[in-house]
Amino acid sequence: GWCRVGCRRHVCSSPSRQQSCMSAWVVDQYGSNGVLRYTEEATLPTVNSPSEVMIEVHAASVNPLDIAMRAGYGAKLLKLRRDPASVMNSDSEFPLILGRDMSGVVVDCGSEVTQFVPGDEVWAAVPPWKQGSLAQYVTLTEYEVSHKPESVSHTEAASIPYVASTALSALVCAGGLCRENSSNKRVLIIGGSGGVGTFSIQLLKAWGAHVTVTCSHNAEGLVRGLGADEVVDYTGGDFAEQLETMEKFDVILDNIGGDTEEWAMGLLKPWSGAKYTTLVTPLLLNTDSMGLLDGAINAGVTLCTKALQEVISNGVFYRWGFYFPDGPALDQVAKLVDAGKILPVVEAQFPFAQVPQAFQKLEHGHARGKTVVQVV
Ligand code: NDP
């Protein structure tokens, strides 16, 4: 029916005044897929501050972080960020709603919201310290939200925000790249066939960079189709040697971690400002296992030691990349999507009733783009 809060442009279903619950997938304890529970009695996330926007979720997507958070990853640090006063209360985050991406329609706005009105189609990446998007509604701060690209469906749009925000933070903030300076840069993406990789290839090609990608043999067609200039099959025995025969790189984006940096660091141009940015960092694992203070200090020492070692011995910068919420950055991505320069890469779609199956699919690995959940 027509929206009850007075949407001007869209038919949407805003909650009625009496409604205090919504449907959502929640976890009440950390564990394997069995902890996911469907409920129609999750707390409705109403607008509580003047800068908040309440959104009806049409589609969400799942990310490796959801699998990890389901099992408790990052719990200590995220709990601190959620509610600094409740650090000592061990159960306060439950029932927890996972899901980091969303595309949907605004149903309510705080009094100081200037960029959105009810009825606007929006997309966003939901910060891990907030209740997630595997739910009928989410409430976010205005600066975390962006107008959805008009040329794609909610399902397609939901595949982009979290990997886009992460890739932008890794490539721009840590890697020093931007639209203006990328055209003469050689970039290596280690792990190009998943969510972050498929987005990063397209962004870098839109900025004019030369892009080399490592992936499995059967993902070559996908990454070439997205614009990759050179593709190296990491399952072939001699892939490191193959990479060594290539001209050296200005930026490496490492989506894989493990021992990758040991063999890949030498592929950067020495003494010319080249940067190695990894998305696989020990920060949250450390705070989980050692506690907040010791874990953070330990991670800080690890980062500084490696960074110093690399700059002194090889003349390259070593950095960690992290997702952070940035609505205005998504506005820029929306323009690239509407210009046809970035295509959503949706590998699998699941209805809302099958969220556990979506998690299972992602947990199986070998992603080729994104797994999306249709909520409406
Ligand atoms: P996905 O699961 O979507 O993709 C991973 C891809 O890597 C798959 O296509 C997989 O396919 C491929 N792959 C696996 N092993 C290798 C290898 N050795 N070399 C090359 N490719 C490989 O993950 P995302 O793209 O969403 O995320 C990438 C990483 O970044 C994850 O570890 C994630 O946790 C991390 N991340 C960190 C963030 C942060 O804030 N620090 C934020 C977002 C993500 P196949 O196995 O078939 O080759």
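Whatever order the structure lists ligands and atoms in, that order sets their numbers, starting from 1.
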Report yes or no: does a heavy atom of [X] sit under 4.0 Å from some atom of ligand 1?
| X | answer |
| --- | --- |
| Thr281 | no |
| Ile256 | yes |
| Gly321 | yes |

Output the distance between atom NE2 (His210) and atom CG (Asp229), rounded to the nearest 0.5 Å.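 The NE2 atom of His210 sits 4.0 Å away from the CG atom of Asp229.
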Find the distance between NZ (Lys335) and NE2 (His147) and round it off to the nearest 0.5 Å.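 Separation between the atoms: 11.5 Å.
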List ligand 1 atoms under 4.0 Å from [X], heavy atoms only on the residue side.
| X | result |
| --- | --- |
| Ser216 | 45 (P), 47 (O), 48 (O) |
| Val196 | 24 (P), 25 (O), 26 (O), 27 (O) |
| Tyr323 | 39 (C), 40 (O) |
| Val280 | 32 (O) |

Part of [X] within contact of ligand 1 (heavy atoms, under 4.0 Å):
| X | value |
| --- | --- |
| Tyr162 | side chain |
| Arg368 | side chain |
| Leu279 | both |

Consider every N or O of [X] and every N or O of ligand 1, then say whether any pair is closer than 3.5 Å.
| X | result |
| --- | --- |
| Ala367 | yes |
| Gly195 | yes |
| Asn63 | no |

From CA spacing to verdict: ring-ring contact (aromatic ring centres under 6.0 Å, His included), Tyr323, Tyr162: CA-CA 7 Å; Tyr323 153 84; Tyr162 185 71; 4.8 Å; yes
Ring centre gap for Phe94 and Tyr30 strictly below 6.0 Å: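 Here the rings of Tyr30 and Phe94 have centres that are less than 6.0 Å from each other.
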Would a distance-only check, ignoring hydrogens and angles, find a side-chain to backbone donor-acceptor pair under 3.5 Å from Asn298 to Met290?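 Checking the backbone N and O of Met290 against the side chain of Asn298, no donor-acceptor pair under 3.5 Å is found.
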With respect to Ser111, which candidate in Ser51, Ser49, Pro50 satisfies the side-chain contact (heavy atoms from CB on, under 4.5 Å) definition?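 For Ser111, the side-chain contact (heavy atoms from CB on, under 4.5 Å) check succeeds only for Pro50.
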